[in-house]
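Working notes for the structure below.
Every chain is numbered from 1 and lettered A, B, ... according to where its sequence line falls, protein lines coming before strand lines. Side chains are part of it too, since the values below use all heavy atoms of this structure and drop only hydrogens, waters and symmetry mates.
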Amino acid sequence: MVLPRVRFAPSPTGYLHVGGARTALFNWLFARHSGGTLVLRIEDTDRERSTEAHTKVILDGLGWLGVQWDEGPLFQGAYGSRHKADAERLVAEGKAYRCFCTREELDTQRAAAEKVGQAFRYDRRCFRLPREEVERRGAAGMPSTIRFLVDDKEIAWDDAVHGRISFQGRDLDDFVILRSDDSAIYNMAVVSDDIAMAITHVIRGDDHISNTPKQIALYRALGHQLPVFAHVPMILGPDGKKLSKRHGATAVGDYQDQGILAPAMRNFLALLGWSPGGDREVLPPDEIIALFTLEGIQKKAAVFDAAKLEWMNGQYLSALPADELVAEVRRRLEQIGLSDDGRDLRPLIDAVKARARTILQVANRVAVRLDPSRSELDEKGRALIGKMGSAFYSNLARAADALEPLGNGAWTAERLLASLKVMAESNGMKLGDAMQPIRVALTGSTVSEPVNELLEVVGAKRSLERLREVAGRERGTGSSA
RNA sequence: GGCGCUAUCGUCUAGGGGACUAGGACGGGGCCCUCUCAAGGCCCAAACACGGGUUCGAAUCCCGUUAGCGCUACCA
């Protein structure tokens, strides 16, 4: 038995979309599961829209996701002469013919058909041209395309995800396979390449189902065995429409920027339109590979749920040692112009990551702990100040007084908690009346790690400065804490 | 319009004729824990699109309807 060869074939006309990324992932998963080979082929034959920058973005995106290809990247543009030769061979064998109709003539015919409410189908006028006439026009340098002669028989295949799908040949047009400039049309190029690259399984988006009968006809005309086709469902936006830019973040780079971890993205994407069966959600990479089969792919389109992605990222985040986050957090701190002063970031990361869902949140919260003046009052913080009134400020001042003595060498979470408890008790305060103002003064919010740990991580000097500074604002409006 | 694909909680899904009082997860709501939150634990609301068959029995099989989506280029 021959090992499978699959390919991912993006066109570099835009960024790496989550839909494309998922298709790539499924191909990769299938190849790894089966011991097969993944070929990366860049379909850059649309000269108008393809750019090198896009190619690079796609390659980078795949690299980030951890989708490793075994062969390539191959560029479709390099195979133009083979595409042309294949198309011409079909003409020579009477399976395709030259068509001299101009774009304008075709448009007119199409418009006429539409006017009568008829489906347009090329009328084969050029197919009926006598051989001498075709030769005469060719010799005269008249531009022509090559059309494939589609016969009326049924074309069907057993799709690995959908089961049997069939089309009637008579519903297909005699489609163009070679342009008048001798470059191949998509369906021709794909089939020519997939044959040349010995692709055994074509795993691609659902939107290619209607191309498949044309490609099958081409495979047969070229005398080649069919690959297995597996058409994976689309990814939709929250409104049920095909996912696109107007849905916001749809490029994998967007998620990378937001601080999504690659393994989380991979796990999430794998489960979008595929299920191993059963209940498991958070799966280690090698298990996903072990479990992955084409049969587990869903027929139905799936809505991209960013909230669930973030939840999953949170799962990975809390499982990840702070050590592995340091570099990324430092990079983001630099981006917002904050130096870490050579501090060990690990305790700060540990302090915040359990409550964070993205690396971006981790970095922002680390920044606030490095420099509490960067904190911004949120709604809950503001509400607390409003509720407590002057007690907010006086409690802060008392807390600062009580904590001051710990400043030389005894600034530990344990001692801080003890002092705070004593202070609260002797003033007849509930612990929360002491804790919450500190939390708000330091972070701007009523949500954080336990206050004593927060104080420890911020450090004695910065904590006390900040506490005193905010406590002294009572007379002010406190517009920007 | 033509052709095709699809149809289980709001979302991702489990389910392959009886184990279904339809399970899990995200999100939502509540409770516990707690200085707050997150995490964790417990609980609640929430779905088989509709109509016909087949069958002793249908979420599961068949047909139709409806709806959604895709394709319908000398784009990929």
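- To the nearest whole angstrom, the two C1' atoms, one in rG18(B) and one in rU55(B), are 12 Å apart.
- Remark: L59(A) CG to L40(A) CG distance equals 6.0 Å, nearest 0.5 Å.
- Distance NZ (K353(A)) to P (rA39(B)): 14 Å, rounded to an integer number of Å.
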Walk me through it: do F8(A) and R41(A) pass the test side-chain contact (heavy atoms from CB on, under 4.5 Å)? CA-CA 6 Å; F8(A) 175 57; R41(A) 183 173 74 222; over 6 Å; no
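- In this structure, rG10(B) and rC26(B) make a Watson-Crick or G-U wobble pair, each of the two defining distances being under 3.5 angstrom.
- rU54(B): no Watson-Crick or G-U partner with both key distances under 3.5 Å is found in any strand.
- Remark on RNA chain B: of its neighbouring residues Q436(A) and M234(A), the 5'-side contact belongs to Q436(A), judged by nearest-heavy-atom nucleotide.
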Between R110(A) and E105(A), is the salt bridge (Lys or Arg N to Asp or Glu O under 4.0 Å) condition met? List the steps. CA-CA 9 Å; R110(A) 226 186 305 273; E105(A) 284 166 0; over 6 Å; no
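- Regarding D159(A), its CG atom lies at a distance of 18 Å from the P atom of rG70(B), rounded to whole Å.
- In this structure, L172(A) places its CG atom 11 Å from P of rA73(B), rounding to the nearest Å.
- Nucleic acid contact class of T446(A) (heavy atoms, under 4.0 Å, all strands): base.
- Regarding R355(A), its CZ atom lies at a distance of 16 Å from the P atom of rU34(B), rounded to whole Å.
- Between the side chains of Y186(A) and N211(A), no donor-acceptor pair is found at a separation under 3.5 Å.
- Taking atom C1' on both nucleotides, rG28(B) is separated from rC12(B) by 16 Å, rounded to a whole Å.
- Counting any heavy atom pair closer than 4.0 Å across all strands shown, K380(A) reaches no nucleic acid atom.
- Here the C1' atom of nucleotide rU72(B) and the CD1 atom of I185(A) are 14 Å apart, to the nearest Å.
- The same atom, C1', is picked in rG51(B) and in rA14(B); the two are 27 Å apart, to the nearest Å.
- Across all strands shown, rC69(B) is found opposite rG4(B) as a Watson-Crick or G-U wobble partner, with both distances under 3.5 Å.
- Between S144(A) and G432(A), the residue anchored nearer the 5' end of RNA chain B, judged by the nucleotide with its closest heavy atom, is G432(A).
- Spacing of P atoms, rG15(B) relative to rU8(B), comes out at 14 Å, to the nearest Å.
- The separation between R121(A) atom CZ and rA73(B) atom P is 13 Å, rounded to whole Å.
- V176(A) comes within 4.0 angstrom of the backbone, heavy atoms only, and of no base.
- For T45(A), a side-chain nitrogen or oxygen approaches OP1 or OP2 of rA76(B) to under 4.0 Å.
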Scoring nucleotides 4-14 of chain B by protein non-hydrogen atoms under 4.0 Å (B base, S sugar-phosphate only, - none) yields SSSSS--SBSS
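- The structure places NZ of K421(A) at 14.0 Å from OG of S426(A), a figure rounded to the nearest 0.5 Å.
- Rounded to whole Å, the distance from CZ on F268(A) to P on rA25(B) is 17 Å.
- Looking at Y97(A) and D174(A), their side chains do bring a donor and an acceptor atom within 3.5 Å of each other.
- Whole-Å rounding puts the Q76(A) CD to rA76(B) P distance at 8 Å.
- To the nearest whole angstrom, the two C1' atoms, one in rC32(B) and one in rC9(B), are 26 Å apart.
- For N211(A) against rA76(B), a side-chain N or O and a base N or O form a donor-acceptor pair under 3.5 Å.
- Note that R147(A) lies in the cation-pi zone of Y122(A), set by a 6.0 Å cut-off to the ring centre and a 45° limit from the axis.
- In a base pair of the Watson-Crick type (N1 to N3 plus N6-O4 or O6-N4) or a G-U wobble (N1-O2 and O6-N3), with each distance short of 3.5 Å, rC20(B) is matched with no nucleotide.
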Worked verdict on T108(A) versus R103(A) for side-chain contact (heavy atoms from CB on, under 4.5 Å): CA-CA 9 Å; T108(A) 310; R103(A) 215 186 282 254; over 6 Å; no
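- In this structure, R110(A) reaches the rA73(B) phosphate: one of its side-chain N or O atoms is under 4.0 Å from OP1 or OP2.
- Using Watson-Crick or G-U wobble geometry with both donor-acceptor distances under 3.5 Å, rU36(B) finds no partner in any strand shown.
- Residues T443(A) and R374(A) have side chains that never bring a donor and an acceptor to within less than 3.5 angstrom of each other.
- Considering only the side chain of V447(A), rC37(B) comes nearest among rG27(B), rC74(B), rC37(B).
- Contact of R439(A) with rC35(B) (side chain to base): a donor-acceptor pair of N or O atoms is detected under 3.5 Å.
- For rA49(B) and rU6(B), the P atoms lie 15 Å apart once the distance is rounded to whole Å.
- The partner of rC31(B) is rG41(B), judged by Watson-Crick or G-U wobble contacts that both fall below 3.5 Å.
- You'll find a donor-acceptor pair under 3.5 Å spanning the side chain of N452(A) and the base of rC35(B), going by distance alone.
- Between rC42(B) and rU54(B), the two C1' atoms lie 45 Å apart (nearest whole Å).
- A cation-pi arrangement is found for R22(A) relative to F26(A), the charged atom lying closer than 6.0 Å to the ring centre and inside a 45° cone about the ring normal.
- Straight-line distance between the P atoms of rC44(B) and rC35(B): roughly 28 Å, to the nearest whole Å.
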